[in-house]
Amino acid sequence: MPHPVVEQVTAALEQRSATRRQRYLERLRAAAAREPRDRLGCSNLAHALAAQPEQARLIIRQGGAPHIAIVSSYNDLLSAHAPLRDYPERLKRSLAQQGATAQFAAGVPAMCDGITQGQAGMQLSLFSRDLIAQATAIGLTHGIFDGALYLGVCDKIVPGLLIGALAFGHLPAVFVPAGPMHSGLPNKDKAAVRQRFVRGEASRDELLAAELAAYHQDGTCTFYGTANTNQLLMEAMGLHVPGSAFVHPHTLLRDAMTDEAARLVARNSRQGERYLPLGEQIDARVLVNAVVALLASGGSTNHSLHLPAIARAAGYELTWEDFAALSKVVPLLARVYPNGAADVNQFQAAGGPAWIIRELLGADLLHAEVPTVAGVGLAAYAREPWLDAGRLAWRELPAQSPAPDIVRPAAQPFAEEGGLVLLSGNLGRAILKTSAVDPAHWRVRAPARVFDSEAAVQAAYAAGALRGDLVLVVRFQGPRANGMPELHKLMPLLANLQQAGQQVALVTDGRLSGASGQVPAALHLTPEAAAGGPLARVRDGDWIELDARLGVLRLEVDEAALDAREAAAAPAGLAEGFGLELFAAQRQLVGPADQGASTLSWDCVE
């Protein structure tokens with residue numbers, strides 16, 4: 001039996017979501033009752049088959065064999081997605097060996113947060129998640145498919161693909177990753193050069209050389225940010241071929257796992273051995289498992305946005321209170337940069353997602369008997385893949401941790417509680433990632449220094465104006481104001497202030513990403529300043545208390561006095577250039593951070 005708190009959170013999630021989940025399932029089953037292709041007229045079907053080889057045309061016309069959609073985020077601008085270039089043809093060949101057919105149904109946009117950090121384009125990053133979901137739906141709405149393979153890796157791409165896939169939840173789904181690049185310059189050394197550059201101690205050439213040594217080939221970046229957290233969560237949710245998250249691109253093992261993805265989606269189709277509609281597979285137990293895996297691994301704060309949005313797409317209302325309740329009983333089992341020195345390749349070598357899942361299963365912190373693309377039960381995801389005489393196989397992990405500085409057993413964790421904390425108080429509600437923060441810095445009480453942009457903070461730092469203990473307030477960074485960009489460029493300067501002996505913290509209605517580091521940061525503050533939140537009334541010199549142990553975020557200003565203040569207005573020109581004007585509707589429609597900061601509506605299932 002799962003841990004009592006895991007059971008309680010799951011039961012509460014099911015109860016509060018009962019009506020909307022039932023409506024979602026009714027819609028799913030109605031879609032399943034409409035036979036694909038049978039409802040198409042001859043001209044419709046002819047258009048779909050026009051570019052297909054003759055043999056594939058014959059198979060599709062005869063019916064009885066699964067026809068699979070391939071949806072990919074491939075482009076060669078993103079290193080993580082570049083390996084996906086040849087996947088569609090490989091998957092088609094593998095499916096043909098199963099007697100199945102496939103078509104490339106949709107390419108979805110994929111932008112790189114690394115390229116756009118600190119640039120105006122970052123304002124489109126979070127909105128791209130919902131656009132990816134819509135692009136996925138456009139590909140699948142032709143109504144000719146029996147299942148789908150989803151190819152993607154990075155930050156907003158995998159959540160967007162999953163949200164889009166859940167709109168077609170009557171179709172089985174398998175998610176197909178590409179794997180990380182080989183280890184380059186250690187992440188800690190890269191961060192040290194960034195901090196030196198901010199202090200004026202390193203040249204631009206030195207900084208660029210360090211960055212190029214860290215990001216040096218195709219494959220996913222090697223720190224445990226949002227992209228790699230995505231991959232671990234796909235394992236914990238049973239949506240991957242088991243163990244495929246962190247296998248290198250361009251290896252025989254990766255090729256074998258890609259072939260296996262094709263076999264599984266065909267097997268899970270209605271024409272296969274076991275029909276596994278994605279929308280029925282993703283239930284309350286699976287969502288709770290995802291949160292538990294996130295907490296145990298010290299994963300990205302971005303998933304406090306993505307998982308609620310994914311849950312809503314499946315008819316559930318997952319709350320930050322659910323995260324907080326689980327965090328109290330889920331131990332931290334991994335130390336991967338930025339909450340440790342290891343990168344994801346070292347994490348994988350130490351046991352990786354399989355270690356985390358095995359230990360959580362042994363501690364009764366996961367729902368074990370859930371449906372997965374590989375079969376019933378998460379036990380298959382607690383073993384590591386390998387090639388046995390050229391054939392894909394799985395084997396047991398070592399009983400003892402081979403690298404106790406990277407992974408530990410549940411009985412001897414790095415910390416007794418998970419890596420995310422819910423902060424509440426008169427400023428609103430926010431998420432804080434504690435796993436990378438020294439407990440000595442979990443409480444900060446200091447005067448506020450208020451800024452309305454990341455650039456303004458950088459200018460103040462360069463001028464030597466950020467002196468003494470302070471709580472840095474960066475507002476008008478929420479989804480309604482400017483799309484909720486990441487503020488990752490603040491971390492090196494804040495780390496420098498902390499290392500100089502200042503007590504510092506960050507409070508913002510923006511994001512900081514999976515690279516959240518050693519400085520306590522209250523993120524995703526809601527209600528945001530642009531929606532009338534109290535953050536718009538904070539002034540320089542106001543005292544703010546942030547306490548991660550108590551879950552407190554408090555402005556030490558009398559409520560009546562605060563209400564009497566005139567709210568600051570968002571700076572002009574927040575959303576100009578770089579195509580930002582095209583997303584004005586999204587800024588008007590987007591929901592609050594604690595509901596996923598989504599522009600999409602699920603009124604039909606609520």
Side-chain angles (χ1 to χ4, degrees), residues 59 65-66 68 70 72 83-102 146-151 153 172-182 218-220 231-232 234-269 271-276 281 344-358 361 368 370-399 402:
I59 293 172
I68 304 301
I70 299 172
S72 176
L84 298 173
R85 181 187 63 182
D86 300 325
Y87 276 36
E89 293 308 312
R90 182 176 194 96
L91 290 165
K92 289 178 183 179
R93 291 194 299 271
S94 300
L95 284 162
Q97 294 175 2
Q98 308 297 321
T101 54
D146 303 297
L149 292 159
Y150 299 94
L151 283 53
V153 178
V174 177
F175 280 68
V176 186
M181 65 178 69
H182 288 94
D218 63 349
T220 317
Q231 302 315 307
L232 185 141
M234 293 301 100
E235 300 273 328
M237 296 174 79
L239 291 171
H240 271 177
V241 173
S244 59
F246 300 136
V247 174
H248 288 301
H250 315 304
T251 62
L252 293 176
L253 180 56
R254 171 58 71 193
D255 290 345
M257 304 197 87
T258 303
D259 293 338
E260 179 69 359
R263 187 187 74 83
L264 290 178
V265 76
R267 186 190 72 166
N268 294 341
S269 71
Q271 296 87 348
E273 299 170 20
R274 61 187 290 257
Y275 178 41
L276 183 63
Q281 178 187 354
V344 294
N345 293 312
Q346 295 164 318
F347 174 49
Q348 174 73 2
W355 178 279
I356 300 296
I357 292 171
R358 186 190 71 180
L361 285 171
V370 292
T372 77
V373 299
V376 177
L378 277 178
Y381 292 81
R383 299 181 295 161
E384 64 177 356
W386 68 301
L387 291 179
D388 183 5
R391 296 177 62 87
L392 181 61
W394 288 264
R395 59 191 175 192
E396 300 299 325
L397 294 172

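Side chains are part of it too, since the values below use all heavy atoms of this structure and drop only hydrogens, waters and symmetry mates. If you're wondering where the values come from, they're calculated on a predicted model, not measured in any experiment.
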When you measure from the side chain of [X] to the backbone of [Y], do you find a donor-acceptor pair of N or O atoms at a distance under 3.5 Å?
X      : Y      : answer
Asn345 : Met181 : yes
Gln98  : Val265 : no
Glu235 : Gly243 : yes

Might you point out which heavy atoms bring [X] and [Y] nearest each other, and give the distance in Å?
X      : Y      : result
Gln281 : Leu276 : OE1-CD2, 3.6 Å
Ala349 : Pro402 : O-CG, 4.5 Å
Val176 : Ala261 : CG2-CB, 3.8 Å
Asp259 : Ser94  : OD1-OG, 2.6 Å
Pro180 : Pro249 : O-CD, 3.1 Å
Leu378 : Ala236 : CD2-O, 3.6 Å

Taking only residues two or more places apart in sequence or in another chain, which ones pass salt bridge (Lys or Arg N to Asp or Glu O under 4.0 Å) with Asp218?
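Partners of Asp218 by the salt bridge (Lys or Arg N to Asp or Glu O under 4.0 Å) criterion come out as none, since no residue qualifies.
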First locate atom [atom1] of [X], then atom [atom2] of [Y], and finally report the distance between them rounded to the nearest 0.5 Å.
X      : Y      : atom1 : atom2 : result
Arg263 : Leu91  : CZ    : CG    : 14.0 Å
Tyr87  : Asp255 : OH    : CG    : 7.5 Å
Gln348 : Leu232 : CD    : CG    : 10.0 Å
Leu239 : Ser244 : CG    : OG    : 10.5 Å

With a 4.5 Å heavy-atom cut-off, do [X] and [Y] have their side chains touching?
X      : Y      : value
Leu95  : Leu149 : yes
Val373 : Val241 : no
His240 : Val174 : no
Pro177 : Met234 : no
His248 : Arg254 : no
Pro172 : Tyr275 : yes

Just checking Arg90: does its CZ atom have more than 12 heavy atoms from other residues, nucleotides or ligands closer to it than 6.0 angstrom?
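Result for CZ/Arg90: enclosed.
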Do any pairs count as a side-chain hydrogen bond (donor to acceptor under 3.5 Å, both in side chains) and have a residue in residues 374-391, sequence neighbours left out, and if so which ones?
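Residue pairs passing side-chain hydrogen bond (donor to acceptor under 3.5 Å, both in side chains), neighbours aside: Glu384-Arg395.
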For [X], check side-chain contact (heavy atoms from CB on, under 4.5 Å) against everything at least two apart and list the hits.
X      : result
Leu253 : Val247, Thr251, Met257, Pro385, Leu387, Leu392
Ala148 : Ala69, Leu140, Tyr150
Pro88  : Ile70, Phe104, Leu151
Gln271 : Arg37, Pro66, Asp146, Ser269

